[in-house]
Amino acid sequence: MNEPIISTHDLSVHFPLTGPLFGEKPVVRAVEGVSVEIGKGSFYGLVGESGSGKTTFGRALLRAAPITRGSAIYNDGEVKYDLPTIKKHELTDYRKRAQLIFQDPYAALSPRMTVRDIIAEPLEVMGLTKSREETDERVREIAAKCRINLEHLRRFPHAFSGGQRQRISIARALVSKPNFIVADESVAALDVSIQADVLNLLKSIQQDMGLTFLFISHDLSVVAHTCDHVAVMYLGRLVETAPTRELFANPRHPYTKALLSAIPSLDPDDQGNPLKLEGEIPSPTNPPPGCKFQTRCRYAIDLCRKEEPKLDKLGDDHDVACHRWKELAA
Ligand code: SF4
């Protein structure tokens with residue numbers, strides 16, 4: 001792995017709820033004790049069901065969600081920021097270096113602005129260009145990279161399809177020349193036929209501009225074709241991380257296995273999904289004791305209900321948090 005651009009240690013994000021006047025107030029533990037290193041230039045996948053905390057984790061790295069505990073360092077070789085204690089003027093600079101691509105291209109774009117103005121807005125807000133000519137030049141340059149027809153810069157978003165709108169969102173995120181991008185379910189709202197097109201675009205831009213991506217998705221099949229490393233999250237915790245090939249070839253955590261078995265098979269003789277996930281992810285306000293997956297795990301034993309498993313190092317950059325992974329692998 002290259003030098004990490006993002007390193008977190010024991011990162012937690014909690015949201016206090018209003019509760020009774022006396023006694024303990026309820027807290028949503030959206031992210032709990034997450035430690036990761038995202039190498040420069042990598043396409044790092046973060047997967048899990050809705051409610052697993054992956055979006056909150058991505059937003060915490062952009063300082064758009066509060067960091068309750070733990071450390072998070074951004075280091076692109078030029079600047080190094082301690083994200084939990086980042087100062088106001090550093091945050092202004094960090095916003096140029098770290099950007100978000102939204103999930104929903106329909107909601108993310110103002111219907112009253114032209115495509116040119118949508119893409120140019122971050123440059124103007126951050127004061128990154130000195131003249132309208134320079135802004136237009138940057139907008140045209142990034143629009144071309146994102147395969148947006150330059151004729152379309154004068155039009156409004158409603159004139160475009162979902163895929164075209166997502167390319168406009170991507171251009172807007174990239175126009176400040178960031179180093180680190182959080183792409184949150186960036187293809188989930190698109191037709192399957194368009195998803196591959198947008199994924200190929202993200203991949204080629206990443207290689208062309210040397211960017212680092214945190215690619216958040218609920219869909220392991222999407223991650224398989226784009227990411228070089230994958231982390232699986234459940235109820236705010238990392239339960240397994242590995243290079244993508246290794247994770248798909250040798251999944252060790254029962255939750256990862258269940259997610260993989262949910263990928264539709266093209267084989268007509270496939271007998272279905274023996275590891276199908278039952279039930280809902282528990283509430284992060286009141287998580288179960290011990291292993292957080294125990295309420296849905298067919299392999300749970302007493303130990304799982306009492307003690308939370310720690311991430312074990314399996315070698316080859318592969319970590320898993322399960323008391324029984326060795327037995328289950330055998
Ligand atoms: Fe299942 Fe126990 Fe492993 Fe948790 S620790 S995933 S409950 S076997």
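Atoms within each ligand, like the ligands themselves, are counted from 1 in listed order. What you see is a predicted model, and the numbers here were worked out from it, not measured in a lab. Positions are given from 1 along the sequence.
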**Prompt:** Taking all non-hydrogen atoms of both residues, which atom of Tyr81 and which atom of Asp93 are closest, and how far apart?
**Reply:** OH-OD2, 2.6 Å
**Request:** Output, by chain and residue number, all protein N/O/S atoms separated from atom 1 (Fe) of ligand 1 by less than 2.8 Å.
**Result:** Cys297 SG
**Prompt:** Quick one: do Asp197 and Arg167 make a salt bridge, cutoff under 4.0 Å?
**Reply:** yes
**Message:** Taking Tyr234's backbone N and O only, do any of them form a donor-acceptor pair with Ser52's side chain (distance below 3.5 Å, no angle check)?
**Reply:** no
**Item:** Val139 reachable from Phe156 in the ILVMFWY side-chain graph, under 4.5 Å edges
**Value:** no
**Prompt:** Any ion pair linking Arg296 and Glu49 (charged N to carboxylate O, less than 4.0 Å)?
**Reply:** yes
**Prompt:** Checking Thr244 side chain against Asp228 main chain: does a donor-acceptor pair fall under 3.5 Å?
**Reply:** yes
